[in-house]
Amino acid sequence: QVQLVESGGGLVQAGGSLRLSCAGSGRTFSRYAKGWFRQAPGKEREFVAFISASGGSTYYAGSVKGRYTISRDNAKNTVYLQMNSLKPEDTAVYYCAEKTQLGDTGRANLYDYWGQGTQVTVSS
């Protein structure tokens with residue numbers, strides 16, 4: 001059973017930065033790609049960023065490209081999301097997930113394991 005636990009969320013002013021972490025359990029952590037998604041109140045969950053199993057490939061949603069950076073340390077079973085130049089519209093619960101199925105990196109239904117989420121609130 002795969003478990004993913006996010007941390008690092010909080011309240012920050014617009015223009016500030018946060019780094020989210022996602023710690024995973026299990027010996028297979030390094031074999032699978034990971035993604036970050038977010039869900040704001042009243043909105044559907046949306047794709048934020050993707051990183052391949054090796055970390056060699058990354059993809060970002062257009063709304064965060066240039067501001068967010070996804071990375072991973074397989075030796076520590078951890079995926080990170082560095083968020084800079086935060087905006088109030090970035091406010092959401094952020095989830096990390098493990099992608100176990102082939103296909104579009106932005107499709108949430110291709111990710112089988114999810115963390116519980118961490119709240120990020122950006123004040124104006």
Side-chain angles (χ1 to χ4, degrees):
Q1 183 72 15
V2 175
Q3 289 189 323
L4 301 171
V5 180
E6 302 96 336
S7 62
L11 174 63
V12 64
Q13 288 188 332
S17 298
L18 283 174
R19 188 176 82 154
L20 306 183
S21 297
C22 172
S25 64
R27 294 175 296 172
T28 62
F29 183 91
S30 63
R31 297 182 190 175
Y32 294 99
K34 302 293 187 290
W36 285 95
F37 290 75
R38 67 186 182 186
Q39 188 166 20
K43 294 188 177 181
E44 295 199 353
R45 190 169 298 189
E46 65 172 354
F47 168 75
V48 174
F50 164 91
I51 188 166
S52 63
S54 67
S57 296
T58 57
Y59 299 100
Y60 299 91
S63 58
V64 307
K65 195 170 185 179
R67 300 188 297 122
Y68 289 16
T69 302
I70 189 171
S71 61
R72 66 190 296 164
D73 184 341
N74 285 337
K76 296 182 178 180
N77 278 11
T78 302
V79 176
Y80 304 98
L81 186 68
Q82 178 67 44
M83 306 185 295
N84 299 328
S85 302
L86 283 162
K87 306 175 181 179
E89 52 264 43
D90 295 319
T91 295
V93 177
Y94 283 70
Y95 300 89
C96 72
E98 182 169 278
K99 189 175 185 291
T100 56
Q101 302 178 54
L102 296 177
D104 185 356
T105 57
R107 286 177 54 188
N109 64 352
L110 299 183
Y111 294 74
D112 283 336
Y113 298 100
W114 294 79
Q116 83 289 348
T118 186
Q119 176 71 48
V120 172
T121 303
V122 184
S123 63
S124 57

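Heavy-atom basis, side chains included; hydrogens, waters and symmetry copies ignored.
Checked by atom type and distance alone, the side chain of Tyr111 pairs as donor or acceptor with a backbone atom of Thr105 at under 3.5 Å. With Tyr60 contributing its side chain and Ile70 its backbone, the two residues share a donor-acceptor pair below 3.5 Å. With hydrogens and angles ignored, the 3.5 Å screen pairs a side-chain donor or acceptor of Asn74 with a backbone N or O of Ala53. The backbone N or O of Ala97 sits nowhere less than 3.5 Å from a side-chain atom of Lys99 that would complete a donor-acceptor pair.
Counting all heavy atoms, side chain and backbone alike, Val12 lies closest to Leu18 at CG1-CD1, 4.1 Å. When all heavy atoms of Ser17 and Ser85 are compared, the closest pair comes out as OG-N, 4.3 Å. Summarising the geometry of Ala49 relative to Leu81, their closest heavy-atom pair is CB-CD1, 4.1 Å, with the distance given to 0.1 Å.
Here salt bridge (Lys or Arg N to Asp or Glu O under 4.0 Å) pairs that include residues 69-79, with residues two or more places apart or in two chains, number zero. Residue pairs satisfying the salt bridge (Lys or Arg N to Asp or Glu O under 4.0 Å) criterion with at least one member in residues 6-19, sequence neighbours excluded, are absent. For residues 75-100, there are no ring-ring contact (aromatic ring centres under 6.0 Å, His included) pairs, not counting sequence neighbours. Within the structure, disulfide (SG to SG under 2.5 Å) pairs that include any residue of residues 35-85 do not occur (at least two apart or interchain). For residues 39-58, the pairs satisfying ring-ring contact (aromatic ring centres under 6.0 Å, His included) are Phe37-Phe47, Phe50-Tyr59, with sequence neighbours left out.
Between atom CG of residue Leu4 and atom CD of residue Gln116 there is a gap of 9.0 Å, rounded to the nearest 0.5 Å. For the atom pair Phe29 CZ and Glu98 CD, the distance stands at 7.5 Å (nearest 0.5 Å). Atom OG1 of residue Thr78 and atom CG of residue Leu20 lie 12.5 Å apart, to the nearest 0.5 angstrom. The CD atom of Gln119 lies 9.5 Å from the CG atom of Leu11; values are rounded to the nearest 0.5 Å.
Every residue meeting the salt bridge (Lys or Arg N to Asp or Glu O under 4.0 Å) condition with Glu46, not counting sequence neighbours, appears here in chain and number order: Arg38. Under the side-chain hydrogen bond (donor to acceptor under 3.5 Å, both in side chains) criterion, Gln39 pairs with no residue, sequence neighbours left out. Here Gln101 pairs with Asp112 under the side-chain hydrogen bond (donor to acceptor under 3.5 Å, both in side chains) rule; sequence neighbours left out. Every residue meeting the salt bridge (Lys or Arg N to Asp or Glu O under 4.0 Å) condition with Arg67, not counting sequence neighbours, appears here in chain and number order: Asp90. In this structure Ser30 satisfies the side-chain hydrogen bond (donor to acceptor under 3.5 Å, both in side chains) test with no other residue, sequence neighbours excluded. With sequence neighbours excluded, the residues that form a side-chain contact (heavy atoms from CB on, under 4.5 Å) with Ser54 are Ser52. Every residue was checked against the side-chain hydrogen bond (donor to acceptor under 3.5 Å, both in side chains) condition with Ser71, not counting sequence neighbours, and none meets it.
Under the 4.5 Å side-chain criterion, counting only non-hydrogen atoms from C-beta, Thr100 is not in contact with Val2. With a 4.5 Å cut-off on side-chain heavy atoms, Trp36 and Met83 do not count as touching.
No more than 12 heavy-atom neighbours from other residues, nucleotides or ligands sit within 6.0 angstrom of CD on Gln3.
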